[in-house]
Novice: 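Please read through the structure below; I'll follow up with questions.
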Amino acid sequence: KTSQHRKMLVARRKLATAFRPCVARVWRCGTSQGSLGSCVHGLGGVSKWGGSAHIVASYIPMSGVQKRWVQHLADGSKGWQAVQRLVDEHDRQAELVAQGEGSAAKTMGMLSRLAMLAEQVREKRAELAELESYIGGEDETLASLAGEEIEQVEQDLAAMEQELLAELVPEDSIDARNAVLEVRAGTGGEEAALFASELFRMYERYAKRRGFRFETLEFRGTDQGGCREASALVTGRGAYGELRVESGTHRVQRVPKTEASGRLHTSAATVAVMPEAEAVDVVIEEKDLRIDVYRASGAGGQHVNTTDSAVRITHEPTGVVVAMQDERSQHKNKAKAMKVLRARVYEMQLRKARQERDALRSSLIGSGDRSERIRTYNFPQSRVTDHRTNTTEHGIEQIMDGDVDKLGSFRKTLSAMYRVMSVEELDVDELVRAKT
């Protein structure tokens, strides 16, 4: 048996090395029934069970956030209790289907993926325990091979647990909505305005590459090409879920083009992302609104300062004020302003409810408060650091160009943290009832 294990470890190490350029990872690989052929057949982004091999063409280094998943799905944890109960329910429904109860097929199908992922996690944990048993053994070669393999297996296990958590804790229902994006220049004068403009364009390019429609609602520019304030409606299923983690203060560190001495300046811009509110979500009565019309200002043609096309709407119960002057038509400006107003009021209601029921999550992730510093863009070092997860991405030019992979990596990590916090607050009975 020891000889077989040694051969298995050597084969797996060679296979992982051979496919490293393809960023493929071996999830499970034995020594029987042509595992190498099965592994090769499984490449290309498709999970393939053949013989005793399973390969997925993606690899995520294990981070501090991923390490936390282990404790939330450890034996005896609240998360693992929920998994076990749902797997037991899946097995019970499968028995009913086998007995001819067709009505049980729907529930079984809903739980089948979770049951499959739970079984994969169990197998990977058993594999890790077996490798750890070789450490310190008499066979030094086997111990050395096992030691090299353990790090990879731990990373694979963390990735599997991420998938299991995603299946266990569903996404927030409002994530599927459209999003209202607002960017404002913060401290830093004209340099802050330039950075705010670059952030707004970054989100525009990112949204379009993700297949969303990006409609600029307002853009108040400066003489040097910056932006004091800008807003947009991002339309498409999942737009809010894609952008919600961007809310907060974004800090930039770089040498401005106007800086003759070459000194490094620090400026900031704030970003707010809100779900687009539907009419049924927020009831705004006309008697609660104060609508002022005035002449538009700034560059824009003959209508500027000649017609009362600009609109300012104040929602007196909350004190929310929205001004819009981009359109030549007063009616169009009013319609746009009402969209933003409704979204802001809805966001205030959501934030209040979130603070009441989810204080723990808000302290870790951030509730979108503009006073929170969430990210730093360091141009001299070509890096972007997210302070909520302490993760860094290099290649700042690609990020500012809206690179889907680099900018999207922050969202994926933060979404995983949302799920981690959800597991900490999990009501097992309630989750089981919701899933079944």
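Residues take their numbers from the sequence shown, with the count starting at 1. Predicted, not measured: the structure shown is a model, and the values here were computed from it.
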Novice: Working to the nearest 0.5 Å, report the span between CD1 of Ile313 and CG of Asp292.
Specialist: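 Answer rounded to 0.5 Å: 9.5 Å.
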Novice: Within a strict 4.5 Å, meaning less than it, do heavy atoms of the Phe200 and Thr216 side chains meet?
Specialist: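 Result yes, sub-4.5 Å side-chain heavy-atom pair found.
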Novice: Any Lys/Arg nitrogen of Glu347 or Arg344 sitting under 4.0 Å from an Asp/Glu carboxylate oxygen of the other?
Specialist: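 No salt bridge links Glu347 with Arg344.
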Novice: Would you tell me whether Glu327 and Asn333 have side-chain atoms, one donor and one acceptor, within less than 3.5 Å of each other?
Specialist: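 Short answer, no.
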Novice: Using atom types as modelled and distance alone, determine if a side-chain donor or acceptor of Asp386 lies under 3.5 Å from a backbone N or O of Arg388.
Specialist: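 Side chain of Asp386 to backbone of Arg388: a pair is present.
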Novice: Any side-chain to backbone donor/acceptor pair from Ser382 onto Ile396? Under 3.5 Å, distance only.
Specialist: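 Present.
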Novice: As an exercise, state the distance from CD1 of Ile174 to CZ of Arg244, rounded to the nearest 0.5 Å.
Specialist: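 Between atom CD1 of Ile174 and atom CZ of Arg244 there are 5.0 Å.
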Novice: Taking the basic N atoms (NZ, or NE/NH1/NH2) and the acidic carboxylate oxygens, is any pair closer than 4.0 Å for Glu393 and Arg375?
Specialist: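 No.
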Novice: What I want to check is whether the side chains of Thr222 and Glu190 have a donor and an acceptor closer together than 3.5 Å.
Specialist: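 Short answer, yes.
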Novice: Evaluate Tyr203 against Val271 for side-chain contact (heavy atoms from CB on, under 4.5 Å), listing each step before the verdict.
Specialist: CA-CA 10 Å; Tyr203 291 125; Val271 176; 4.0 Å; yes
Novice: At their closest point, which heavy atom of Lys406 faces which heavy atom of Gly395, and how far apart are they?
Specialist: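 For Lys406 and Gly395, the tightest heavy-atom pair comes out as CD-O, 4.0 Å.
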Novice: Heavy atoms, side chains only, cut-off 4.5 Å: are Ile374 and Thr249 in contact?
Specialist: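 They are not in side-chain contact.
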Novice: Can you sort out the partners of Glu204 under side-chain contact (heavy atoms from CB on, under 4.5 Å), two or more places apart, ordered by chain and number?
Specialist: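 Scan of Glu204 (side-chain contact (heavy atoms from CB on, under 4.5 Å), adjacent residues dropped) gives Arg201, Lys208, Phe214.
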Novice: For Thr392, enumerate each residue passing the side-chain contact (heavy atoms from CB on, under 4.5 Å) test, keeping only those at least two apart in sequence or located in another chain.
Specialist: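 If we apply the side-chain contact (heavy atoms from CB on, under 4.5 Å) test to Thr392, skipping adjacent residues, the hits are Arg383, Thr385, His394.
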Novice: Regarding Thr270 and His250, is there a side-chain donor-to-acceptor distance under 3.5 Å anywhere?
Specialist: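 No pair is found: no donor N or O on one side chain lies under 3.5 Å from an acceptor on the other.
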Novice: Can you check side-chain contact (heavy atoms from CB on, under 4.5 Å) on Leu341 and Leu289, steps first, answer last?
Specialist: CA-CA 10 Å; Leu341 178 71; Leu289 299 178; 3.7 Å; yes
Novice: Which atom names give the shortest non-hydrogen contact between Cys227 and Ala230, and what distance separates them?
Specialist: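 Taking every non-hydrogen atom into account, SG-CB, 3.5 Å.
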Novice: Which of these passes side-chain hydrogen bond (donor to acceptor under 3.5 Å, both in side chains) with Asn178: Lys339, Glu276, Arg237?
Specialist: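 Going through Lys339, Glu276, Arg237 one by one, the side-chain hydrogen bond (donor to acceptor under 3.5 Å, both in side chains) with Asn178 is satisfied by Glu276 alone.
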Novice: May I ask you to decide whether Arg251 forms a salt bridge with Glu191, counting only side-chain N to carboxylate O separations under 4.0 Å?
Specialist: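 Glu191 and Arg251: not salt-bridged.
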Novice: So, for Phe212 and Tyr206, is the gap between ring centers shorter than 6.0 Å?
Specialist: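 Phe212 vs Tyr206: aromatic centres not under 6.0 Å.
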Novice: Looking at NE2 of His90 and CD of Glu119, how far apart are the two atoms once the value is rounded to the nearest 0.5 Å?
Specialist: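 So the gap between those two atoms works out to 11.0 Å.
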Novice: Verify side-chain contact (heavy atoms from CB on, under 4.5 Å) between Arg125 and Glu161, making sure each step is shown before the conclusion.
Specialist: CA-CA 11 Å; Arg125 287 177 176 176; Glu161 287 174 335; 3.0 Å; yes
Novice: Could you check whether any side-chain heavy atom of Ser144 comes within less than 4.5 Å of a side-chain heavy atom of Glu148, counting everything from C-beta outward?
Specialist: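 Counting from C-beta outward, Ser144 and Glu148 do come under 4.5 Å.
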Novice: Could you walk me through whether Thr376 and His387 pass the side chain to side chain donor-acceptor pair (under 3.5 Å) test, one step at a time?
Specialist: CA-CA 8 Å; Thr376 295; His387 301 290; 2.6 Å; yes
Novice: Return the OG to CZ distance between Ser267 and Arg254, rounded to the nearest 0.5 Å.
Specialist: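 The OG atom of Ser267 sits 7.5 Å away from the CZ atom of Arg254.
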Novice: Looking at Val83, Leu86, Leu114, Leu111, which hits side-chain contact (heavy atoms from CB on, under 4.5 Å) with Glu167?
Specialist: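 Output: one option passes, namely Leu114.
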Novice: Indicate yes or no: does Arg411 engage Glu246 in a salt bridge with an N to O separation below 4.0 Å.
Specialist: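 Between Glu246 and Arg411 there is no salt bridge, as every charged N stays at least 4.0 Å from the carboxylate O atoms.
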Novice: So do the side chains of Thr314 and Val320 get within less than 4.5 Å of each other, counting heavy atoms only?
Specialist: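 Not in contact.
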Novice: Could you go step by step and tell me if Arg184 and Glu229 meet the salt bridge (charged side-chain N to carboxylate O under 4.0 Å, His left out) rule?
Specialist: CA-CA 4 Å; Arg184 292 183 176 88; Glu229 182 177 351; 3.3 Å; yes
Novice: Atom CZ of residue position Arg209 - does it have more than 12 heavy atoms of other residues, nucleotides or ligands inside 6.0 Å?
Specialist: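 Yes.
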Novice: Does some side-chain heavy atom of Glu127 sit less than 4.5 Å from a side-chain heavy atom of Glu123?
Specialist: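 Side-chain contact under 4.5 Å: no.
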Novice: Does atom NZ (Lys334) have a neighbourhood of more than 12 heavy atoms from anything else shown, all under 6.0 Å?
Specialist: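 Incorrect, the count does not exceed 12.
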Novice: Any heavy-atom pair between the side chains of Leu407 and Arg205 that's under 4.5 Å?
Specialist: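 Answer no - side chains too far apart.
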Novice: Closer than 4.0 angstrom, basic N to acidic O: yes or no for Glu242 and Arg210?
Specialist: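 Salt bridge present between Glu242 and Arg210.
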Novice: Can Glu218 and Arg220 be counted as an ion pair, charged N to O under 4.0 angstrom?
Specialist: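 So Glu218 pairs with Arg220 through a salt bridge.
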Novice: To the nearest 0.5 Å, how far apart are CE in Met110 and CD in Glu89?
Specialist: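 If I round to the nearest 0.5 Å, the distance is 11.0 Å.
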Novice: Flag the pair Arg213 and Glu215 as a salt bridge only when some basic side-chain nitrogen lies within less than 4.0 angstrom of an acidic carboxylate oxygen.
Specialist: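 Glu215 and Arg213: salt-bridged.
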Novice: Could you report the tightest heavy-atom contact between Gly225 and Ser197, atom names first, then the distance?
Specialist: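 It is O-OG, 3.6 Å.
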Novice: How far apart are the C-alpha atoms of Arg85 and Trp80, what are their side-chain angles, what is the distance that settles it, and do they pass the side-chain contact (heavy atoms from CB on, under 4.5 Å) test?
Specialist: CA-CA 9 Å; Arg85 286 184 56 178; Trp80 193 249; over 6 Å; no
Novice: Tell me, do Asp156 and Lys124 make a side-chain contact under 4.5 Å, heavy atoms counted?
Specialist: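 Sidechains of Lys124 and Asp156: in contact.
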Novice: So, are Arg177 and Asp175 salt-bridged, with charged N and O less than 4.0 Å apart?
Specialist: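 Not counted as a salt bridge, because no side-chain N and carboxylate O are separated by less than 4.0 Å.
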Novice: Given the ring of Tyr294, does Arg312 sit roughly above its face, with NZ or CZ under 6.0 Å from the centre of the six-membered ring and within 45° of the axis?
Specialist: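 Geometry flag: set, cation within 6.0 Å and 45°.
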Novice: Answer whether the closest heavy-atom distance between the side chains of Tyr377 and Met400 falls below 4.5 Å.
Specialist: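 Result yes, sub-4.5 Å side-chain heavy-atom pair found.
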Novice: Once you round to the nearest 0.5 Å, how far does CG of Leu264 lie from CG of Asn378?
Specialist: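 Output value for this atom pair is 6.5 Å.
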Novice: For the backbone of Val273 and the side chain of Ser247, can you confirm whether one donor and one acceptor N or O come within less than 3.5 Å of each other?
Specialist: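 Yes, the answer is positive, given that a donor and an acceptor are paired below the 3.5 Å cut-off.
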Novice: Taking all non-hydrogen atoms of both residues, which atom of Ala118 and which atom of Leu164 are closest, and how far apart?
Specialist: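 Heavy atoms only, the tightest pair is N-CD1, 4.0 Å.
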